[in-house]
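Working notes, beginning with the structure itself.
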Amino acid sequence: MPLNKQVFKTRALTAVVFVVIMCAMLLWSHWSFFALFLVVHAGCWWEYARLSAKIENLKLHSWVVAGCILSGMAIMLAFAGNAYSWGSYPLAGNLMLPFAVAGFLLVAMGIMQRSTVISFRGMGRLAFGWVYISLGWGTMLGLRQYGMDSVLGDMGRMVPVLLIGSIWVNDTMAYIAGSIFGKTPLSAISPKKTWEGTLIGAALAIAVVALAARFGFNTSWPHALVIPAIGAIAGTLGDLWESKLKRMAGVKDSGNFMPGHGGFLDRFDSMLVATPVCWLWITLAG
């Protein structure tokens, strides 16, 4: 697949703006981090509901989608922990139940609207969004708290930054390497991806991020190697899964908020799968 210079230029310019905003929100404080992923959670849910409606021939009232987002926030708060508190007022302990109840009430009210057309299969696909999207971003909040109380200060940024960095390096290098060297399609789901690009991208992501983690953040070698490996491997699986959803829905992009990159799901699909896997590794490995 030849390198399309115009597409690459558009993607690169959009990516620069995206990276600046993302890095500012990721690094400023744990509250900016929290706000960032609340917005991303809502955007991903909106697009997932749209894809689900196309796949299952549903007509969803906006209350249904809003209820899914609100109840999904309750799942996110389950991973927030005591770091997200106003004084002695922890958000998780005080807002989880109200958000969950209000969300389910909105879903129920939306389903009862005459304009809504839904099926049990469609309800199941929507419910999967709480696992796919809300659990994914909930575990991201969980990762943010790893190392917040380090003797070196707030090191909670470290794991999310390493994971996201590995995904970005992997995606960029896989695109470039695949465009130059790619010959063997990786999957029929995403025919533009090649084995050559995927393997080169993964190898470079693991090598670059592992060295940065070990010598830049003084991360242990197991974490330094496993975190970028998760980003590259699980991230690629996340990309393929979202490509399958789009193919089933018959759309090219999940949305259009980023020129050259598509929607929220197009941009964050890799993280949605890689983040829970990374959270599980960090939780088990300590």
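Because the structure is predicted, anything quoted here is derived from the model rather than measured. The first residue of the sequence shown is numbered 1, and numbering continues consecutively from there.
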When you group the ILVMFWY residues by side-chain heavy-atom contacts below 4.5 Å and let the links chain together, are Ile118 and Trp46 in the same group?
yes
Flag yes if more than 12 heavy atoms outside Trp195 fall under 6.0 Å of its CH2 atom; otherwise flag no.
no
Neighbour count above 12 (heavy atom, 6.0 Å) for Trp31 CH2
yes
Between OG1 on residue Thr139 and CG on residue Leu280, distance to nearest 0.5 Å
9.5 Å
Does a side-chain heavy-atom distance below 4.5 Å link Val251 with Arg50?
yes
Interatomic distance, CZ@Phe264 vs SG@Cys44, rounded to 0.5 Å, equals 7.0 Å
May I ask whether Tyr175 and Ile233 are part of the same hydrophobic cluster, defined by side-chain heavy atoms of I, L, V, M, F, W, Y residues being less than 4.5 angstrom apart, directly or through others?
no
Determine, using the 4.5 Å side-chain heavy-atom cutoff (strictly less than), whether Leu135 and Leu36 are members of one ILVMFWY cluster.
yes
Verdict with supporting geometry, Val131 and Ile75, side chain to side chain contact (heavy atoms under 4.5 Å, CB included):
CA-CA 9 Å; Val131 177; Ile75 296 174; over 6 Å; no
Look only at the side chain of Thr172 and the backbone of Val169, and say whether a donor-acceptor pair between them is shorter than 3.5 Å.
no
Quick one: sort the Tyr84 and His30 rings into parallel, tilted or perpendicular, breaks at 30° and 60°.
tilted
Taking every heavy atom of Leu51 against every heavy atom of Ser254, the minimum-distance pair comes out as CD1-CB, 4.3 Å
Got a donor-acceptor contact below 3.5 angstrom from the Thr219 side chain to the Ala213 backbone?
yes
Can you name the residues that form a side chain to side chain donor-acceptor pair (under 3.5 Å) with Ser243, not counting sequence neighbours?
none
Please check if the distance between the ring centroids of Tyr48 and Trp241 is under 6.0 Å.
no
Atom pair CD1 (Ile230) and NE2 (His223), whose distance is rounded to the nearest 0.5 Å:
10.0 Å
Applying ring-ring contact (aromatic ring centres under 6.0 Å, His included), can you list everything that pairs with Phe99, at least two apart in sequence or on another chain?
none
Test salt bridge (charged side-chain N to carboxylate O under 4.0 Å, His left out) on Arg267 and Asp171; report intermediate values, then the result.
CA-CA 10 Å; Arg267 183 64 273 176; Asp171 286 350; 3.6 Å; yes
Quickly, which of Phe268, Phe79, Phe34 forms a ring-ring contact (aromatic ring centres under 6.0 Å, His included) with Trp137? Name it, please.
Phe268
Does the side chain to side chain contact (heavy atoms under 4.5 Å, CB included) test come out yes or no for Val40 and Met140, once each step is laid out?
CA-CA 11 Å; Val40 172; Met140 180 64 83; over 6 Å; no
With a cut-off of 3.5 Å and sequence neighbours excluded, list every side-chain donor-acceptor pair involving residues 60-67.
from: His61; atom 1: ND1; to: Trp63; atom 2: N; distance (Å): 3.0

Does a side-chain N-to-carboxylate-O contact under 4.0 Å join Lys252 and Asp266?
no
For Asp269, all residues meeting salt bridge (Lys or Arg N to Asp or Glu O under 4.0 Å), sequence neighbours excluded
none
For the CE atom on Met22, are there more than 12 heavy atoms of other groups (residues, nucleotides or ligands in this structure) within a distance under 6.0 Å?
yes
By side chain to side chain donor-acceptor pair (under 3.5 Å), which residues pair with Glu242, not counting sequence neighbours?
none
If the condition is ring-ring contact (aromatic ring centres under 6.0 Å, His included), which residues does Phe181 pass it with, not counting sequence neighbours?
none
